Amino acid sequence: MDPETRMLPGEVRVFDPAGLERLVEALVEAGYRVLGPTVRDGAIVLDEIASAGELPHGWTAEQDAARYRLRRRDDDAMFGWAVGPHSWKQHFLPARARLWRAAAPAGQGPPTIEEEPPPERPLALLAARPCDLHAIAIQDRVLLEGRYVERDYALRRRDAFVVVVNCGVPGGSCFCASMGTGPRAERGYDLALTEVLDGGHRFVVEVGSARGAELLAAVGTSPAREEDLAAAHAVTDEAVFRMGRSLDTAGLPELLAANLEHPRFAEVAERCLTCGNCTAVCPTCFCTSVEDVNDLADGSAERWRVWDTCFSIDYSTIHGGSVRRSSRARYRQWLTHKFGTWVDQFGTSGCVGCGRCITWCPVGIDVTEELAAIRARDGEVDRALAR
Amino acid sequence: MTPVPHRVRSRVRETHDTWTLELESLAEPIRPRAGQFDMLYAHGVGEVPISVSGDHEGALTHTVRAVGAVTSALCSLEPGALVWVRGPYGNEWPLAEAVGRDLVVVAGGIGLAPLRPAIRHALAHREDYGVLSVAVGARTPADLLYVHEIEAWRARLDAEVDVTVDAATPGWRGRVGLVTKLIPGAPFDPENAVALVCGPEVMMIFVVRALVERGMPASRIWISLERNMRCGVGHCGHCQLGPTLICRDGPVYRADEVARLLEVREL
Ligand SMILES: Cc1cc2nc3c(=O)[nH]c(=O)nc-3n(C[C@H](O)[C@H](O)[C@H](O)COP(=O)(O)OP(=O)(O)OC[C@H]3O[C@@H](n4cnc5c(N)ncnc54)[C@H](O)[C@@H]3O)c2cc1C
Ligand code: SF4
Ligand code: SF4
């Protein structure tokens, strides 16, 4: 390899918007299925893209509780927004996935189970956010790093190439700075981009892995100067102060464990529709159910894994009925799991502060507000629950 | 995590709604230990967690109460029929830790199924334990599981086996009343006993209370919990009880570690 273009992890380079075009091309050429943000139906969503032309040029999104609006920017920024309704879990842990097929039990010898083949192409994530990387690491913890490996997730997740884009324009619902998950990615990526718009339009790129370096060699970059680095840091340093929300995380697991019968749960339950939107958009929520289906024609059977939500009454059904009948109990399960018992179960918080659950809750319930309310009235007990 | 095909070797009717299946593996055998469970899949119908209820010449033994679609499908399988099984999952009854102590077993309803391998183990290794005190409760005499085996246990001189029903029917000459009532008179030494309890959750709460009242520390009482389970391996989220996942950290718990959680309504 030309010594001029040989790069190492840790190195910082710069490219212009044309470089971004070449980055997408290089990923496609390297055999990846490239997923990236694109504008559709009034939102920035994640989908397969073939060129940088499909990225959301000159768009931003205003976000607040129960509110999301696309707006034109007065510049040509490609990443001038935070996160949309989609998260990468839709690709690593799809809402519906067939896990295997089993032939009819008739005939000689044992029937066999045919597991789904691995995806043909590994995924490349273009413009994952720092909070998204943390969310992926959390799902890895649950599905790959316990005693048992989730095969389907492992196959989809394996070899995924990650281009993270550090955040310069946090959304009104974002609180990653409070959760320690953004707005700047520290690790877990192949390439980390920061979009700099101070006059010229350029991308400062940090190399996070050997294959990141290899891919970047095909893009055509120049070495980063000190002012490029400073400009990139300024973008994320300022973003910290532009977070729409914040959360006091001190001792949250203990606070919640001590307040399971707090009156706030009944209060929020009066507003909560138990629709499960929050769990669907949350990038860490991993709960699934199985559907076993039977082909009446040939007697074969299939198993599907489908997203489930702790807001459904069936989720906790055992013989004799649902354990969490009231919406109060179901909201409590969601909140205390995310911010409390997740730590007991998996050694990490279940929230990365992306704000999706706040933006996409139809009635605007805000986890940061709920937690602050419980903290403000720490120790109060719902009288209706006293035995 | 992929189901292993099994054939039903035998099917025995225990009660009007409960059957014991012996399953023979057509591939790798699955060897659960007392307290653990398997995921049993009725082809094309669905998959449910079922505790191991015995061990017999290399076959897998499960006792299933038909309460819904999947359990009914399992109970209606004839010898030779196919069942898919994955496992074993979950933890075991603390039979090794109980060595040298009195062993108290309290079962309610289908809760006797997961306890039967523990009782059989204690009877087979009788010298390892002090007093062996078994209390079995059922709703009615017709709901009693393993009647012949219980009779054989009762005939032994080295075990105290007591049976009670909530409601007697004509011809029943045994005890009537909740299983908790057997605890004050059971012949074990609370200072030196280990208790294994399984049954409906409210029953377990009251049994733990009665045992504690007899002077047993809750840390030597073990209960087996049930929640909805989809995967059995800690991935689906359904079996959470506060900080624990029952399929992964249980189903067997030390009573003092979950007492607080069981007191919270709808947790
Ligand atoms: C660790 C463990 C061990 C068990 N051991 C035994 C045993 O040895 N013998 C026995 O008879 N039963 C046992 N059970 C209970 C048994 O799993 C349920 O009775 C069974 O799942 C009910 O399924 P169904 O479809 O027949 O019932 P339905 O009444 O049709 O169920 C209705 C719905 O409730 C759900 N459901 C009910 N209970 C459960 C459950 N526990 N897990 C998942 N879904 C559930 C089903 O998904 C179904 O959709 C055990 C449960 C657990 C968690
Ligand atoms: S709980 Fe809400 S803010 Fe936290 S990661 Fe999930 S969706 Fe994002
Ligand atoms: S908190 Fe909001 S999004 Fe979540 S279930 Fe309730 S109403 Fe739906």
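Letters go in sequence order (proteins before strands), and every chain restarts at 1. Quick caveat: nothing in here was measured; it's all calculated off a predicted structure.
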Checking heavy atoms, do the side chain of [X], its backbone, both or neither come under 4.5 Å from chain B?
{"X": "A/Arg328", "value": "side chain"}
{"X": "A/Ser326", "value": "both"}
{"X": "A/Glu115", "value": "side chain"}
{"X": "A/Val142", "value": "both"}
{"X": "A/Val343", "value": "neither"}
{"X": "A/Ser316", "value": "backbone"}
{"X": "A/Gln345", "value": "both"}
{"X": "A/Arg305", "value": "neither"}
{"X": "A/Asp314", "value": "backbone"}

Next item on the list: For the pair B/Arg265 and A/Glu261, find out whether any cationic side-chain nitrogen is under 4.0 Å from an anionic carboxylate oxygen.
Entry: no
Side-chain donor or acceptor of [X] paired with backbone N/O of [Y] under 3.5 Å:
{"X": "B/Arg248", "Y": "A/Gly146", "value": "no"}
{"X": "A/His337", "Y": "B/Gly242", "value": "no"}
{"X": "A/Tyr315", "Y": "B/Asn228", "value": "no"}
{"X": "A/Arg325", "Y": "B/Glu266", "value": "no"}
{"X": "A/His319", "Y": "B/Gly68", "value": "no"}

Pairwise distance [atom1]([X]) to [atom2]([Y]) - rounded to 0.5 angstrom:
{"X": "B/Asp249", "Y": "A/Asp344", "atom1": "CG", "atom2": "CG", "answer": "10.0 Å"}
{"X": "A/Thr317", "Y": "B/Arg227", "atom1": "OG1", "atom2": "CZ", "answer": "11.5 Å"}
{"X": "B/His43", "Y": "A/Asn294", "atom1": "NE2", "atom2": "CG", "answer": "5.5 Å"}
{"X": "B/Cys231", "Y": "A/Leu143", "atom1": "SG", "atom2": "CG", "answer": "9.0 Å"}
{"X": "A/Thr341", "Y": "B/Gln240", "atom1": "OG1", "atom2": "CD", "answer": "5.5 Å"}
{"X": "A/Leu260", "Y": "B/Glu263", "atom1": "CG", "atom2": "CD", "answer": "11.5 Å"}

Check: Can you tell which of B/His6, B/Glu226, B/Glu47 has the highest number of heavy-atom pairs within less than 4.5 Å of chain A?
Finding: B/Glu47
Check: When only pairs under 4.5 Å are counted, which of B/His238, B/Arg65, B/Met229 shares the most heavy-atom pairs with chain A?
Finding: B/His238
Check: For the rings on B/His235 and A/Phe286, is their centre-to-centre separation under 6.0 Å?
Finding: no
Kindly give the heavy-atom pair with the smallest separation between [X] and [Y], and that separation in Å.
{"X": "B/Gly237", "Y": "A/Cys287", "answer": "CA-SG, 3.7 Å"}
{"X": "A/Pro111", "Y": "B/Leu26", "answer": "CD-CD1, 4.5 Å"}
{"X": "A/Tyr148", "Y": "B/Pro88", "answer": "OH-O, 3.9 Å"}
{"X": "B/Arg230", "Y": "A/Val290", "answer": "O-CG2, 4.2 Å"}

Item checked: side chain to side chain contact (heavy atoms under 4.5 Å, CB included) assessment of B/Leu245 paired with A/Phe346 -> CA-CA 10 Å; B/Leu245 294 166; A/Phe346 302 110; 3.8 Å; yes
Crowded around [X] [atom1]? As in, over 12 foreign heavy atoms under 6.0 Å?
{"X": "A/Arg271", "atom1": "CZ", "answer": "yes"}
{"X": "B/Arg33", "atom1": "CZ", "answer": "no"}
{"X": "B/Arg139", "atom1": "CZ", "answer": "no"}

Check: Just wondering, do A/Asp308 and B/Cys236 contact through their side chains at under 4.5 Å, heavy atoms?
Finding: no
Next item on the list: Find the one option among A/Glu302, A/Glu291, A/Arg303 whose heavy-atom pairs under 4.5 Å with chain B are most numerous.
Entry: A/Arg303
Next item on the list: Among the options A/Val149, A/Asp295, A/Ile113, pick out the one with the most heavy-atom pairs lying under 4.5 Å from chain B.
Entry: A/Ile113
Check: Has A/Arg147 got its NZ or CZ under 6.0 Å from the middle of the six-membered ring of B/Tyr89, at an angle within 45 degrees of the ring axis?
Finding: no
Check: Parallel, tilted or perpendicular: which describes the rings of B/Trp84 and A/Trp100, with under 30° parallel and over 60° perpendicular?
Finding: tilted
Check: So what's closer than 4.5 Å to chain A heavy atoms on B/Pro200: side chain, backbone, both or neither?
Finding: neither
Note to self: Is B/Val45 in contact with chain A via its backbone, its side chain, both, or neither, using a 4.5 Å heavy-atom distance?
What the structure shows: backbone
Notebook entry, point to check: Where do B/Leu267 and A/Arg332 land on the side chain to side chain contact (heavy atoms under 4.5 Å, CB included) test, with the steps shown first?
Noted result: CA-CA 8 Å; B/Leu267 191 67; A/Arg332 176 179 66 193; 3.9 Å; yes
